[in-house]
Number of protein chains: 2
Amino acid sequence: MDKNSALPLVVLAEHFARLPGIGMKSAERLAYHVMSMPEKDVREFSEALLNARKNVHCCPVCQNLTENELCQICGDVRRDASTICVVETPKDISAFERTKEYKGVYHVLHGLISPIDGVTPDKLRIKELLKRINGNVAEVIMATNPTVEGEATAIYISKLLKPLGVKVTRLAFGLPIGGILEYADEMTLYKALENRNEI
Amino acid sequence: MDKNSALPLVVLAEHFARLPGIGMKSAERLAYHVMSMPEKDVREFSEALLNARKNVHCCPVCQNLTENELCQICGDVRRDASTICVVETPKDISAFERTKEYKGVYHVLHGLISPIDGVTPDKLRIKELLKRINGNVAEVIMATNPTVEGEATAIYISKLLKPLGVKVTRLAFGLPIGGILEYADEMTLYKALENRNEI
């Protein structure tokens with residue numbers, strides 16, 4: 001957008017451009033789109049931004065995002081609190097919930113250990129996880145991504161958990177369902193071979 | 001986002017998903033990103049949305065978006081008001097201004113004639129263009145896109161303008177600079193051949 005554009009539009013485009021994955025061209029397009037939206041919708045969008053940022057906070061137990069005192073999962077007595085699934089982000093919880101199989105609870109780290117990006121273990125919610133470990137917790141499932149950072153974080157946390165006498169497991173890695181063997185990368189195929197099961 | 005997510009986050013994601021080119025997955029990612037933004041930035045973003053929608057309006061002369069009474073171009077006495085460049089959207093003005101060659105003024109139609117989408121000529125700012133035609137206007141340049149709708153709109157407006165005794169021109173079509181002849185589509189090549197110039 002150049003100096004001939006109306007200033008409030010330029011400012012709005014700059015705000016859009018600061019969001020991840022939105023370049024300046026898309027940001028301009030979005031700013032122009034806002035001009036064509038009913039004023040009521042823009043007001044609601046504006047309020048939704050403030051409302052989300054102000055009223056959503058971390059659940060004091062599992063660190064998932066919530067607007068209530070406890071998140072919906074921690075507040076649900078039907079969930080099995082003896083199994084904790086440790087994930088990187090709140091989005092990962094949605095992925096597990098979609099499977100409708102997992103009945104345990106979660107713990108959100110809000111990141112992965114990555115010294116190169118300045119993310120040291122003390123920046124993650126690891127202390128909060130350790131505090132949750134008591135006689136009632138039977139298993140902690142490390143469900144971080146199968147990346148260098150995800151693996152490192154899983155190993156780091158499992159070393160802290162094991163002395164507490166809790167069983168620590170890791171998600172299985174192998175061929176994705178519906179995937180084609182020919183197109184599987186070497187690491188996936190290696191893991192699928194290594195973790196093969198008798199049928 | 002599922003029912004386990006905090007409601008204000010779901011609402012925010014839905015607002016993002018209503019923007020053009022943003023799917024539900026991206027919208028969720030954006031909503032989560034907002035949670036990690038400093039509250040001050042979120043407040044400014046929220047205000048920028050309202051501010052753009054409330055304070056930006058159409059210039060009464062050229063229909064470009066502006067926050068002032070007249071847009072910057074119409075309010076600039078150094079611009080040549082005898083030449084009007086007719087464009088589809090305010091964004092097109094930015095494109096022309098980047099060339100730094102055009103010194104005339106503009107007229108924004110805010111759309112193109114497209115009966116299939118319910119856009120009839122009366123929904124465009126054509127009346128406002130006709131009102132601008134007086135003895136001082138020497139030329140109107142039709143600068144709509146080289147598409148079916150752009151061509152139809154250019155022809156429709158030129159037929160209204162010619163009886164008013166004003167010169168109507170159309171942008172040249174041909175090979176783009178830096179383009180490769182081998183990859184040019186037939187219509188572009190046909191136009192480049194038809195409009196060839198002696199060297």
Side-chain angles (χ1 to χ4, degrees), chain A residues 1-16 18-22 26 28-39 41-59 64-68 71-73 76 89-91 93-94 97-98 110, chain B residues 1-16 18-22 26 28-39 41-57 59 64-68 71-73 76 89-91 93-94 97-98 106 110:
Chain A
M1 231 174 253
D2 55 40
K3 63 175 175 51
N4 298 295
S5 299
L7 187 64
L9 261 182
V10 178
V11 170
L12 179 58
E14 280 165 359
H15 277 286
F16 275 121
R18 272 183 227 153
L19 297 174
I22 298 186
S26 306
E28 287 180 13
R29 201 161 41 91
L30 293 174
Y32 280 117
H33 175 78
V34 169
M35 303 309 304
S36 67
M37 281 165 63
E39 198 165 329
D41 290 7
V42 179
R43 206 163 45 238
E44 283 172 5
F45 185 9
S46 167
E47 281 161 11
L49 269 171
L50 278 184
N51 195 20
R53 184 65 185 78
K54 273 189 184 161
N55 298 339
V56 177
H57 55 91
C58 286
C59 167
N64 186 15
L65 295 174
T66 180
E67 54 171 335
N68 306 316
C71 81
Q72 282 201 301
I73 295 170
D76 184 347
T89 68
K91 272 178 283 192
I93 293 184
S94 303
E97 289 299 297
R98 277 196 292 273
H110 290 277
Chain B
M1 232 175 251
D2 55 40
K3 63 174 176 50
N4 297 295
S5 299
L7 186 65
L9 261 183
V10 178
V11 171
L12 179 58
E14 279 166 0
H15 277 286
F16 274 122
R18 272 182 228 155
L19 297 175
I22 297 185
S26 304
E28 286 179 14
R29 202 162 40 91
L30 293 176
Y32 280 118
H33 176 79
V34 169
M35 303 310 303
S36 67
M37 281 165 61
E39 200 166 327
D41 290 5
V42 179
R43 204 163 47 238
E44 284 173 2
F45 185 10
S46 166
E47 282 162 11
L49 269 171
L50 278 185
N51 194 21
R53 185 63 186 79
K54 273 189 185 164
N55 298 338
V56 176
H57 56 92
C59 168
N64 185 17
L65 296 173
T66 180
E67 55 170 334
N68 305 317
C71 81
Q72 282 201 303
I73 295 170
D76 185 344
T89 67
K91 270 178 284 190
I93 294 185
S94 303
E97 289 299 298
R98 277 196 291 272
Y106 296 92
H110 288 277

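Throughout, a chain's letter reflects where its sequence line sits, starting with A, and its residues are numbered from 1.
Of all the heavy atoms in B:R43 and A:L50, the pair that sits closest is CA-CD2, 3.7 Å. Across all non-hydrogen atoms, the minimal contact from A:H33 to B:R18 is NE2-O, 4.2 Å. Annotation for B:S46 and A:S46: closest pair OG-OG, 2.7 Å, computed over non-hydrogen atoms.
With respect to chain A, the highest number of heavy-atom pairs below 4.5 Å among B:C59, B:P20, B:P90 belongs to B:P20. Options B:G21, B:A48, B:S36 differ in how many heavy-atom pairs under 4.5 Å they form with chain A, and the most are formed by B:A48.
To the nearest 0.5 Å, the span separating CG on A:L19 from OG on B:S26 amounts to 11.0 Å. To the nearest 0.5 Å, atoms CD (A:E28) and OG (B:S94) are separated by 6.5 Å. Note that CG of A:D41 is 9.5 Å distant from CZ of B:R53, once rounded to the nearest 0.5 Å. For the atom pair CD (A:E44) and NE2 (B:H15), the distance works out to 5.5 Å, reported to the nearest 0.5 Å. The CD atom of A:E67 sits 9.0 Å away from atom CG of B:L9, with the distance rounded to the nearest 0.5 Å.
Checked against ring pair (Phe, Tyr, Trp, His ring centres under 6.0 Å), B:H110 has no partners two or more places apart in sequence or in another chain.
The side-chain heavy atoms of B:L7 and A:N55, taken from C-beta on, include no pair separated by under 4.5 Å. Counting only heavy atoms from C-beta outward, the side chains of A:L49 and B:F16 approach each other to under 4.5 Å.
Contacts of A:L30 with chain B are made by side-chain atoms alone, with heavy-atom separations under 4.5 Å and no backbone atom involved.
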